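This report concerns only the one structure given below.
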Amino acid sequence: MEALPLVRACVRSKYEKRVADALSSKGYDCLLPIYREKRKWSDRTKILELPLFPGYVFSRFDVEVRLPILTTPGVLTVAGIGKIPQPLDANEVEQIRKVTAVGAPAQPWPFLKIGQRVRVTAGPLTGVQGLLMQRRGETKVVLSVSLLEKSIAVQVESDSIRLL
């Protein structure tokens with residue numbers, strides 16, 4: 001039997017975690033990559049866990065039988081081209097899983113279409129490919145999910161990357 005594709009579900013704002021939990025309880029394999037961000041209010045500072053791709057939860061399911069997904073509270077639609085859901089690129093998903101599994105500091109990043117492609121050659125992210133960026137003196141590799149036109153940036157040591 002062929003493995004089911006990972007498809008994205010568009011969800012209500014701030015409902016990503018609830019939808020992922022609900023789909024998992026229904027027996028679906030879900031992916032909700034998160035990052036931690038420090039937020040400061042007038043009376044306190046708190047570290048929040050936020051989705052790397054706001055508004056989306058990724059799940060494996062048969063696209064012909066999507067009613068159980070669509071009836072999940074918080075799910076707006078199954079995203080795709082027209083009415084045909086489009087699976088995510090397996091290599092892009094694996095790179096996102098690898099970054100979140102190692103707990104590397106990552107954050108949402110604007111989608112980029114131009115830039116130098118690089119590969120991480122040392123450390124726990126060895127083999128991850130993305131676009132090289134520099135911000136405030138920090139070297140970052142931007143990983144993109146082209147179907148979503150969204151990206152995340154992960155900080156790496158500048159001596160552990162090579163041009164492709």
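Since the model is a prediction, treat every value here as computed from it, not as a measurement.
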Of all heavy-atom pairs between Pro87 and Leu147, which one has the smallest distance, and what is that distance? O-CD2, 3.5 Å
Can you tell me how far apart CD (Gln95) and CD1 (Ile152) are? Round to the nearest 0.5 Å. 9.5 Å
Could you state whether Val102 and Ile34 fall into the same hydrophobic cluster, counting links through intermediate Ile, Leu, Val, Met, Phe, Trp or Tyr residues with side-chain heavy atoms under 4.5 angstrom apart? no
Hydrophobic clustering (ILVMFWY, side-chain heavy atoms < 4.5 Å, transitive) - are Val11 and Ile96 grouped together? no
Worked check of side chain to side chain contact (heavy atoms under 4.5 Å, CB included) between Leu125 and Val99: CA-CA 7 Å; Leu125 298 177; Val99 167; 4.1 Å; yes
Pair Glu64 + Arg66: basic N to acidic O under 4.0 Å: no
Donor-acceptor check, side chain of Lys98 to backbone of Thr126, threshold 3.5 angstrom: yes or no? yes
Same apolar cluster (I L V M F W Y, side chains within < 4.5 Å links), Val63/Val19: yes
Given the rule in the side chain to side chain contact (heavy atoms under 4.5 Å, CB included) test, do Asp89 and Val145 qualify, once you have shown the distances and angles that lead to the verdict? CA-CA 8 Å; Asp89 181 274; Val145 178; over 6 Å; no
Flag for Glu92-Ser146: side-chain donor and acceptor within less than 3.5 Å: yes
I want to check something: taking the side chain as every heavy atom from C-beta on, are Phe58 and Leu32 in contact at a cut-off of under 4.5 Å? no
Once you round to the nearest 0.5 Å, how far does NZ of Lys46 lie from CZ of Arg36? 13.0 Å
Might you confirm whether atom CZ of Arg97 has over 12 heavy atoms from other residues, nucleotides or ligands at distances under 6.0 Å? yes
Treat each ILVMFWY residue as a node, draw an edge where side-chain heavy atoms are under 4.5 Å apart, and state whether Tyr56 and Leu76 are in one component. no
State whether Lys14 and Glu16 are salt-bridged, where the test is any N-O pair (Lys NZ or Arg NE/NH1/NH2 against Asp/Glu carboxylate O) under 4.0 Å. no
Pick one: which of Lys140, Glu37, Gln155 meets side-chain contact (heavy atoms from CB on, under 4.5 Å) with Gln107? Lys140
Cluster question for you: counting only ILVMFWY and a side-chain heavy-atom cut-off of under 4.5 Å, with indirect links fine, are Leu70 and Phe61 together? yes
Kindly give the heavy-atom pair with the smallest separation between Val154 and Ala104, and that separation in Å. CG2-CB, 3.5 Å
Quick one: pull up OH in Tyr28 and CG in Asp62 and give me the separation to the nearest 0.5 Å. 8.5 Å
Closest heavy-atom pair, Thr100 versus Pro33, reported as atoms and distance to 0.1 Å, is CG2-CB, 3.7 Å
OG1 of Thr139 to CD of Glu157, rounded to nearest 0.5 Å, is 8.0 Å
Can you see which heavy atom on Gly130 is nearest to which on Leu143, and at what distance? CA-CD2, 4.2 Å
With a 4.5 Å heavy-atom cut-off, do Arg39 and Leu50 have their side chains touching? yes
Less than 4.5 Å apart, side chain to side chain, heavy atoms only: is that true for Pro51 and Tyr35? no
Between Phe53 and Leu148, which heavy-atom pair has the shortest distance, and what is it? CD2-CD1, 4.1 Å
What I'd like to find out is whether the side chain of Ile161 reaches to under 4.5 Å of the side chain of Leu132, using heavy atoms alone. yes
So, do Val78 and Val7 sit near enough that their side-chain heavy atoms are less than 4.5 Å apart? yes
Counting only heavy atoms not in Leu48, do more than 12 sit closer than 6.0 Å to its CG atom? yes
Within the structure provided, determine whether Lys17 and Asp21 are in side-chain contact (heavy-atom separation under 4.5 Å). yes
Using 0.5 Å steps for rounding, measure from the CG atom of Leu23 to the CG atom of Leu31. 12.0 Å
Please check if any side-chain donor atom of Thr72 sits under 3.5 Å from a side-chain acceptor atom of Lys26, or the reverse. yes
d(Ser151 OG, Met133 CE) to nearest 0.5 Å is 10.0 Å
